[in-house]
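Data block below; observations after.
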Number of protein chains: 2
Amino acid sequence: MTARTPDSARDIPEATVARLPVYLRALTGLAESGTTTCSSEELAATAGVNSAKLRKDLSYLGSYGTRGVGYDVEYLRYQIAREIGVTQDWPVVIVGIGNLGHALANYSGFRSRGFRVVALLDADPDRHEEVVAGLDVRSFEDLESIVADNAVSIGVIATPAVAAQSVADRMVAAGITSILNFAPTVLSVPDGVDVRKVDLSIELQILAYHEQRKSVAPGAEVVS
Amino acid sequence: MTARTPDSARDIPEATVARLPVYLRALTGLAESGTTTCSSEELAATAGVNSAKLRKDLSYLGSYGTRGVGYDVEYLRYQIAREIGVTQDWPVVIVGIGNLGHALANYSGFRSRGFRVVALLDADPDRHEEVVAGLDVRSFEDLESIVADNAVSIGVIATPAVAAQSVADRMVAAGITSILNFAPTVLSVPDGVDVRKVDLSIELQILAYHEQRKSVAPGAEVVS
DNA sequence: AGGAGTTTGTGAACGGGAGAACAAAACGAG
DNA sequence: CTCGTTTTGTTCTCCCGTTCACAAACTCCT
């Protein structure tokens, strides 16, 4: 009864958006193994989620399945890719070419999903002679021109923590509106700019918390 | 009125656990800048959260503040560190010493928070001659003995996706009960084993989704 | 000592997401 | 063509997490 725009469903829940890339990867795996059709149960198992949750997630995109049959793998894969936006090409700049920046520049998972690293920038002049993943490491001063010339809207920060906020400020001023931050700092950015944070030590600390609980109360959940 | 064990509060919500490391980092920063006392408002601003949420989070640990005054930075920092478990030493093994494994091995944020990398393992014999971050890269076959000798309970997987599940299986069999997975795969592990996933391309895809929405409907939220 | 001003800790309302359960729809057999 | 089977799409309920709002408690000033 709700009037929904057929070509592009509105307001997909954030939790669902975070899972769509997982479904996309699972579908790609199924397609590579020759599967042409799958049920929500199979796909959910591959993606590591509940089948009811999967179906509800997919229902936000539209009705792309066939009752009694399941989903066409290739068709659903394309629909999810289109919804996320990875059918188009996303130019990306990486700032901070230390150990982590190297790893990110060489990560094949970016290019295969529509992300194209157009430039590697570092503030240290000693690094400007290096060539990483087929790209020259350039001066951070070139940020504005690179962003403008390549219509870059996504920036990756892999600098030390102290530099991260100023890099973010320059990125925002240059026109970047989405930032993936690997530096262990809280970034403050204006409204309209999205920031996602990946913090390696926080993940370990969360594991440590649960690990500690396991050893303190070993019989709390598991009957010995 | 609820009878709460005073020394160690029970069942801290998962969302709170995920934020405690952020508070810990913020407190460390405040301590280094010479601040001895702070209000929930200040700390919340530093940590990038709402002050009400911060107070509720801290209330799960106990009453470590003083009304009308605020929190003692050093005291609160210690209490949170103890609750998370980073006052003790956590031995960690890293498997897969490619670009990302290098970056992780060299990441200083681990050691400074109680995590000690005790071994770097790789299946490729060509890498066994390398020394990374002061540690020999050893054979993956040594996993079991290393885990046993060092009482390792946390493992980090930085291998390609195809190897991740078998590495995880070996880790679990060797006695590891917490896994931080950087490989782009869904791991299946038995109950009692915690897995946290860090997926670089998923983060970018989430950003791409929102970025796409911005350009498609620029006036949807912001009044022009 | 008493009152004004601050700041914490928490009870209560609110919103969103997860999971169960079921109706609707497609297919195939007879 | 009809009935049974399979699987999707959706509704409903419950639970977790967030936020508001306020009482309790502490300090400082007079």
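Keep in mind that the numbers below use all heavy atoms, side chains included, and drop hydrogens, waters and symmetry copies. In what follows, chains carry the letters A, B, and so on, assigned in the order in which the sequence lines appear, proteins first and then strands, with residues in each chain numbered from 1.
Between the CG atom of B:Asp72 and the P atom of D:dC26 there is a distance of 16 Å, rounded to whole Å. Distance CG (A:Asn50) to C1' (C:dA21): 12 Å, rounded to an integer number of Å. Remark: C1' of C:dT8 and CD of B:Glu42 are 14 Å apart, rounded to the nearest angstrom. In this structure, A:Arg55 places its CZ atom 13 Å from C1' of C:dA18, rounding to the nearest Å. Rounding to whole angstrom units, CG of residue B:Leu54 and C1' of D:dT18 are separated by 14 Å.
Contact between the side-chain N/O atoms of B:Ser40 and the OP1/OP2 oxygens of C:dT8 is found at a separation under 4.0 Å. In this model, the phosphate group of C:dT7 is not approached by any side-chain N or O of B:Ser39 to a distance below 4.0 Å at OP1 or OP2.
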* Given B:Tyr64 and B:Tyr75, is the ring pair (Phe, Tyr, Trp, His ring centres under 6.0 Å) satisfied, shown in steps? -> CA-CA 8 Å; B:Tyr64 296 136; B:Tyr75 180 62; 5.7 Å; yes

* To do: Step by step, work out the side-chain hydrogen bond (donor to acceptor under 3.5 Å, both in side chains) result for B:Thr37 and B:Asp72.
  => CA-CA 5 Å; B:Thr37 298; B:Asp72 181 278; 4.9 Å; no

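Considering only the side chain of B:Lys56, D:dT18 comes nearest among C:dT8, D:dT18, D:dG9. Closest contact between the side chain of A:Val69 and the listed nucleotides C:dC27, D:dT27, C:dA25 involves C:dC27. Comparing atom distances between the B:Ala52 side chain and each of D:dT18, D:dG9, D:dC20 picks out D:dC20 as nearest.
Judged by the 6.0 Å and 45° rule, A:Arg170 forms a cation-pi pair with A:Phe140.
At the heavy-atom level, A:Glu41 lies nowhere under 4.0 Å from the strands shown.
Closest-nucleotide positions on DNA chain D for B:Arg19 and A:Tyr71 were compared, and the one nearer the 5' end corresponds to A:Tyr71.
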With a cut-off of 3.5 Å and sequence neighbours excluded, list every side-chain donor-acceptor pair involving residues 153-168 of chain B.
residue: B:Gln165; atom: OE1; partner: B:Ser188; partner atom: N; Å: 3.0
residue: B:Gln165; atom: NE2; partner: B:Asp169; partner atom: OD1; Å: 2.8
residue: B:Gln165; atom: NE2; partner: B:Ser188; partner atom: O; Å: 3.1
residue: B:Ser166; atom: OG; partner: B:Ala163; partner atom: O; Å: 3.0

